[in-house]
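Take a look at the structure below.
Worth knowing before you read on, the calculation uses all heavy atoms, side chains too, and leaves out hydrogens, waters and symmetry mates. Positions are given from 1 along the sequence.
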Amino acid sequence: MKNATKQKQEEQKYRVWPVAKRLIREIRQGDFRQTGRVALHAVCAGLYPFLAILLPKLAIGILEQKGMDAMKWLIPALGIYFLAAALLGYVAKRVESMIGVKNMRRRIFYLVEMGDKLTSMDYRYVEDASFWEKNEKALSAGNNNSEGIEGVSNKICLLPAALVSMAGMILLAAGLSPLILLALAVHVAVTMWASGQNHRFRYAHREEEARDYRRIKYYCNTTHDFSFGKDIRIYNFRDRILANYQMEIENLKNLTARMARHQYLVGLAGIFTLLVTNVMMYGILIGQTINGMPISSFTMYVALINSLMASMLAFGGDITFIRNECQYVGEFFRLVDERLEEEGKEEIHIEGTLEIVFDHVDFCYPGSDTYIYRDLNFTIHKGERLAIVGVNGAGKSTLVKLMTGLFPPTAGHIYINGIDIERFRRKDLYRLYSAVFQDVNILAFPVRENVTGGGEADDARVQEALEKVGLWEKVQEMPEGLNQMMLKVIDENGTDFSGGQRQKLSIARGLYKDAPMVIMDEPTASLDALAEAEIYENFSDMVKGKTAVYISHRLASTKFCDRIALFDRDGLKEYGSHEELMALEGEYYRMFTIQGKYYQQEHAEL
């Protein structure tokens, strides 16, 4: 019962009006002067529409009353009018611009907060497509000026001006006929209802829409990214990509058409009430004029009623916009507030190198029923150099994700120096590893920062790491040396490396970190034979005094490792030294023999 009540209270926090209140509170706390700007804008922008309403009555009234002397009075009156209009209009727009700038800065603050959330959340969410589809609209709430957080903030700040205008217009119109106000209120209510219905229909299909946009974005990026250009041309992917692209566009077009049909049908009610309102308004005004209302008053009331209807519709639209967008803003806040990082209970610091123990570990990826491991038991001893080999799909890279804490085991335990991995804080856990992953990522930063990562820069150590992987001479040849920007995404003068050079840079990054344990997941996959041999020769020096795990399809890499673990799709199949496994004449013996014959044949041909 208590849990249900607590969950209900949590849900209430992210409903429309609590979210709007949170925005208002944070706007005021972020800049106390924003309240003063809103008040000044309410006065200036609230009074501005009345100038246009009163102008016809003023001009025609002077012409009716002053006759031949009308121009003497009309010109000064118009001069004062236009001066007042210019002053109020300028101040209103200027203050509105200042309000918008402050709200934009607030949105950027939220974006930074969201960036921190996404880069610190547990890695299992990163690989979960359903997580991104579910939160697509939440993430988009901070992505532009006209919708989401900034759009709602701007509407909230401008609402007081609309209230001032409407209050004055209602007071003026009330003297004409309450029926007109009633008709206007009904029309605005129906329009808001129609807008709400349209939003609910769209909101119900938000995940379907997000999925379509995500797929279209993928094909768009594929056709625009020059790194795909060679494969598309050489292997004739063009027709397949364009066909899939067109199919996803058709899916989105069909969904958009359904939304448009729904919008059209519910919009018919608003057209009907608009017709009724106009007939009633002009009927009453014409009747009043026949009964003696001055033409100047007639023109004023026509302008007044039209302005009031426009103001009420705009106000209703703003309220509907706030109500609709606050659902997405609420999802944004929920995502920001949600605990996506499972913190350990203790702050644990480990000195020296590591021992990793897998104790009856089962694992399957979230959302999958297929187990990668069942009852996995083995130990990586302190200071040991372990080679992990096996066929594709045997879970070699998954093993790295488990021991580095990127994914928790489904069952069983993983111990680091006798301490359960679940007790570690994630940031303490990540400090323990220098990992070179299979997929190499180069960032649009200078070479130095690509090596140092988030650590402090020591150019001597950077040079040493680059020398060990054979990349220092290449860096020296660059115009900016260690300051050379990588990639052309941020800097048009940036440079890029070949696949092998990228892999070397990634290895240098792992060496620079100098963590207690080194993990290399296919680190030489993009290297030629000579560069691979150079890495092998330096491997012992690179991992001196550390526990090291080396994952590779190339069994030649096993010669400098103390132990070898061979995995197949059923888990750990063989474990021991190279000599022990060769004597066993099992799967490792067969694979090594086949690869050995291949290398010998290749050497003979050379």
Side-chain angles (χ1 to χ4, degrees), residues 115 119-120 123 126 227 353-354 385 397 400 404 406 426-528 530-552 557:
T119 53
S120 61
Y123 184 78
V126 177
S227 65
T353 192
L354 308 182
R385 293 171 296 180
S397 295
V400 173
T404 55
L406 294 177
R426 289 293 180 264
K427 60 182 180 181
D428 292 335
L429 191 59
Y430 298 152
R431 291 193 189 104
L432 301 177
Y433 302 99
S434 289
V436 179
F437 294 109
Q438 195 169 354
D439 299 321
V440 178
N441 289 306
I442 302 300
L443 302 176
F445 295 156
V447 173
R448 178 187 291 104
E449 292 179 32
N450 267 283
V451 175
T452 62
E456 295 183 3
D458 182 336
D459 283 0
R461 289 183 57 223
V462 171
Q463 178 179 339
E464 182 184 1
L466 292 170
E467 285 175 344
K468 284 183 177 181
V469 298
L471 204 56
W472 177 242
E473 289 185 8
K474 172 69 176 177
V475 173
Q476 285 182 302
E477 293 171 0
M478 294 177 175
E480 302 294 331
L482 291 175
N483 295 317
Q484 177 67 46
M485 182 67 79
M486 298 300 298
L487 308 181
K488 298 181 183 294
V489 178
I490 304 298
D491 186 345
E492 61 184 16
N493 295 318
T495 190
D496 200 357
F497 285 159
S498 66
Q501 290 169 337
R502 280 171 163 245
Q503 207 144 27
K504 287 182 177 181
L505 185 63
S506 181
I507 295 172
R509 183 187 297 162
L511 296 177
Y512 182 87
K513 187 179 179 183
D514 195 28
M517 183 169 180
V518 176
I519 299 172
M520 293 192 177
D521 186 357
E522 298 285 0
T524 61
S526 298
L527 300 182
D528 57 43
L530 292 176
E532 182 182 28
E534 183 181 355
I535 294 294
Y536 288 166
E537 289 172 5
N538 294 326
F539 185 78
S540 295
D541 183 48
M542 291 177 184
V543 301
K544 187 176 181 180
K546 303 177 186 295
T547 305
V549 172
Y550 194 98
I551 300 174
S552 180
S557 64

Hey, does [Y] have a side-chain heavy atom less than 4.5 Å from the side chain of [X]?
| X | Y | value |
| --- | --- | --- |
| Val549 | Met520 | no |
| Met485 | Asn493 | no |
| Arg431 | Lys427 | yes |

Any idea which heavy atoms bring [X] and [Y] closest together, and the distance?
| X | Y | value |
| --- | --- | --- |
| Val400 | Thr404 | O-OG1, 2.7 Å |
| Thr547 | Leu354 | OG1-O, 2.5 Å |
| Ser434 | Gly510 | OG-O, 2.8 Å |
| Ala444 | Leu487 | N-CD1, 4.0 Å |
| Leu466 | Val451 | CD2-CG2, 4.0 Å |

Next on the checklist: So that I can tick it off, tell me whether Lys488 and Asp496 are bridged by a salt bridge, with the cut-off set at under 4.0 angstrom between side-chain N and carboxylate O.
Outcome noted: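 Here Asp496 does not pair with Lys488 in a salt bridge, since their nearest N and O are not under 4.0 Å apart.
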Next on the checklist: Quick check with a 6.0 Å cut-off and a 45 degree axis cone: is Arg385 positioned over the face of Tyr550's six-membered ring?
Outcome noted: no
Checklist entry - Taking atom CG of Leu471 and atom CZ of Arg502, what is their separation to the nearest 0.5 Å? => result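 With rounding to 0.5 Å, CG (Leu471) is 12.5 Å from CZ (Arg502).
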Item to check | Distance in Å, Gln501 CD paired with Gln503 CD, rounded so as to fall on 0.5 Å steps | outcome: 11.5 Å
